[in-house]
Amino acid sequence: MQAETLGRLGNFEEALEVIEKVRSIYDIETQHTAICKAYGSDRVAQAFASSIDLNLCLDRRVEALHASIHIVDVILPKSDPKNVHNTFVLILPAIITMKENGLSKEAFNAFQTRIINPFDEHFGPGGSTWSKPLFKPILTMLDLQAREDHDTETIDELSLWALDRENFEQKMERFESIWASHGPTPKALLGEICFSLARRHRNAEKVGQLLRKATTLMEQSAANTVSHSLSKSYAKKKLDAMAKYQNELNVILESQRVAASHGGVYKAMVAQDWETLGHNESQLVAASNERQVMVTRAS
């Protein structure tokens with residue numbers, strides 16, 4: 001409680017010092033059950049999870065990643081798997097930090113192992129918990145960022161879901177303010193799904209729709225997190241990435257326009273660029289730059 005209060009007051013160093021003192025006396029194997037019985041969840045373990053955000057506030061990204069891995073590898077295996085709420089609060093900042101450091105596959109596996117599998121085992125398909133509506137969006141977001149081998153049919157199906165407001169973001173709106181203090185809001189997570197799909201889709205119209213929706217959702221997340229600096233910073237960072245991608249896409253679209261007036265060879269080049277657009281952003285940048293040079297020479 002003390003660490004949480006200090007963190008909210010912006011005293012991040014002091015909050016981390018408190019957590020370190022608690023770490024020296026906390027024994028999850030003997031204290032976890034009693035704490036959960038008293039408070040409903042393990043508030044001490046959750047303090048360790050909050051150290052992830054505290055370190056990020058101090059721009060200590062390595063320490064934040066280490067804290068995330070500690071949660072996943074040490075705390076969660078010893079936590080009660082039936083207490084899904086406790087596990088969700090612990091794992092959310094950890095998997096977000098892991099994916100932001102190139103560990104999306106590991107984050108996906110952790111979420112599947114510590115959230116999805118125990119929930120299915122102990123509660124079944126009819127079970128309920130207040131974080132359950134976020135299960136599918138989080139798994140989808142992590143899966144899209146962890147793998148490059150999704151087939152066209154899967155991307156099409158996910159895109160239909162993402163573009164259906166009633167079955168996508170409308171179901172998440174009541175959770176927006178609740179999760180703002182725990183990390184990226186539901187709309188930010190949904191925006192990331194749309195952005196990932198936009199980068200994979202082969203249909204230009206769908207790419208535009210998905211990219212516009214991704215931007216709108218992320219802007220709404222930024223507006224909803226004015227009093228939560230980390231969540232707002234996260235949304236702003238993603239908006240910058242979307243704007244950068246939109247600029248790169250504009251280069252390809254301009255190349256298409258030029259190609260129409262310069263014959264088949266340019267059309268082939270543009271087709272190759274569009275293929276790259278759907279698979280590899282770093283290659284796209286290089287391809288886009290090359291197209292600009294070649295189009296300039298042709299002009």
Side-chain angles (χ1 to χ4, degrees), residues 61 65 68-69 72 91-92 94-117 134-164 168 183-184 188-215 217-218 234-235 237-253 255-256 268-291:
R61 303 188 179 280
L65 180 58
S68 301
I69 294 173
V72 170
I91 204 171
L92 183 60
I95 59 173
I96 295 299
T97 301
M98 289 169 68
K99 86 172 183 65
E100 290 297 292
N101 284 274
L103 299 175
S104 294
K105 183 177 180 180
E106 291 79 0
F108 176 91
N109 292 336
F111 196 80
Q112 182 73 50
T113 302
R114 300 301 173 191
I115 293 288
I116 305 300
N117 294 348
L134 293 174
F135 289 2
K136 179 180 178 180
I138 289 174
L139 273 182
T140 302
M141 175 191 68
L142 294 174
D143 188 43
L144 284 169
Q145 296 186 25
R147 296 170 49 203
E148 295 286 343
D149 59 348
H150 296 87
D151 57 40
T152 301
E153 183 177 354
T154 299
I155 296 300
D156 287 343
E157 290 176 358
L158 288 173
S159 297
L160 286 174
W161 169 58
L163 292 171
D164 183 351
F168 196 61
L189 302 180
L190 297 176
E192 283 202 70
I193 292 174
C194 291
F195 187 38
S196 292
L197 290 170
R199 294 167 59 181
R200 303 287 186 84
H201 216 293
R202 304 295 183 84
N203 181 283
E205 182 179 357
K206 293 295 184 185
V207 170
Q209 291 174 355
L210 288 163
L211 193 53
R212 285 192 295 273
K213 186 162 189 176
T215 302
L217 288 170
M218 204 61 73
Y234 185 92
K237 176 183 175 183
K238 298 304 175 182
L239 282 169
D240 289 343
M242 292 173 189
K244 179 175 179 289
Y245 187 77
Q246 180 66 71
N247 290 335
E248 293 165 356
L249 178 58
N250 290 341
V251 171
I252 300 301
L253 295 176
S255 296
Q256 284 187 320
M269 290 175 179
V270 170
Q272 186 177 20
D273 280 356
W274 191 261
E275 181 83 7
T276 303
L277 175 62
H279 292 283
N280 189 307
E281 185 176 3
S282 61
Q283 291 179 11
L284 169 65
V285 177
S288 300
N289 291 337
E290 182 181 355
R291 280 304 73 72

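At a threshold of 4.5 Å between non-hydrogen side-chain atoms, the residues Asn250 and Gln246 count as touching. For the pair Phe108/Ile95, no side-chain contact is recorded, criterion being any heavy-atom separation below 4.5 Å from C-beta on. Looking only at side-chain heavy atoms (C-beta outward), Glu100 and Arg61 stay at 4.5 Å or farther from each other. In this structure, Trp161 and Glu157 have side chains that are not in contact, with every pair of non-hydrogen atoms separated by 4.5 Å or more.
Going from atom CG of Asn203 over to atom CD1 of Ile155 covers 13.0 Å, rounded to the nearest 0.5 Å. To the nearest 0.5 angstrom, Ser68 atom OG is 12.5 Å from Glu106 atom CD. Interatomic distance, Met98 CE to Ile91 CD1, rounded to the nearest 0.5 Å: 8.0 Å. From Ile116, atom CD1 reaches atom CZ of Phe111 across 5.0 Å, with rounding to the nearest 0.5 Å. Here Leu189 contributes atom CG and Leu217 contributes atom CG; the two are 10.5 Å apart, rounded to the nearest 0.5 Å. Taken from CD1 in Ile69 to CG in Leu103, the straight-line distance is 6.0 Å, to the nearest 0.5 Å.
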Query - Trace of the side chain to side chain contact (heavy atoms under 4.5 Å, CB included) decision for Ile138 with Leu92 - result: CA-CA 9 Å; Ile138 289 174; Leu92 183 60; 4.0 Å; yes

Requested in this report: For side chain to side chain contact (heavy atoms under 4.5 Å, CB included), just list the numbers for Lys206 and Leu211, CA-CA rounded to whole Å, side-chain angles, deciding distance to a tenth of an Å, and then say yes or no.
Outcome: CA-CA 8 Å; Lys206 293 295 184 185; Leu211 193 53; over 6 Å; no

Requested in this report: Step by step, work out the side chain to side chain contact (heavy atoms under 4.5 Å, CB included) result for Tyr234 and Ile96.
Outcome: CA-CA 10 Å; Tyr234 185 92; Ile96 295 299; 3.8 Å; yes

Report task. Evaluate the side chain to side chain contact (heavy atoms under 4.5 Å, CB included) criterion for residues Gln145 and Ser196: first the C-alpha distance (whole Å), next the side-chain angles of each, then the deciding distance (0.1 Å), finally the verdict. Result -> CA-CA 7 Å; Gln145 296 186 25; Ser196 292; 3.8 Å; yes

Requested in this report: Kindly determine whether Asp151 and Thr154 satisfy side chain to side chain donor-acceptor pair (under 3.5 Å), including the steps that lead there.
Outcome: CA-CA 5 Å; Asp151 57 40; Thr154 299; 2.7 Å; yes

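A pairwise comparison of heavy atoms in His201 and Leu210 identifies CD2-CD1, 4.1 Å as the closest pair. The minimum heavy-atom distance between Ala235 and Met218, with the atom names listed, is O-CG, 3.4 Å. Of all heavy-atom pairs spanning Val72 and Ala94, the tightest one is CG2-CB, 4.1 Å. Between Ser104 and Leu142 the shortest heavy-atom distance is CB-O, 4.0 Å.
Distance alone, capped at 3.5 Å, is enough to place a donor-acceptor pair between the Asn101 side chain and the Thr97 backbone. Of the possible donor and acceptor atoms, one in the side chain of Thr113 sits under 3.5 Å from a partner among the backbone N and O of Asn109. The closest donor-acceptor contact from the side chain of Lys213 to the backbone of Ala162 lies under 3.5 Å.
Note on Glu192 versus Lys99: salt bridge recorded, some NZ/NE/NH1/NH2 to OD/OE distance being below 4.0 Å. Note on Arg199 versus Glu248: no salt bridge recorded, every NZ/NE/NH1/NH2 to OD/OE distance being 4.0 Å or above. The residues Asp143 and Arg147 are annotated as salt-bridged, a charged nitrogen and a carboxylate oxygen being separated by less than 4.0 angstrom.
Looking at Leu197, Leu190, Leu158 one by one, the single match for side chain to side chain contact (heavy atoms under 4.5 Å, CB included) with Thr140 turns out to be Leu158.
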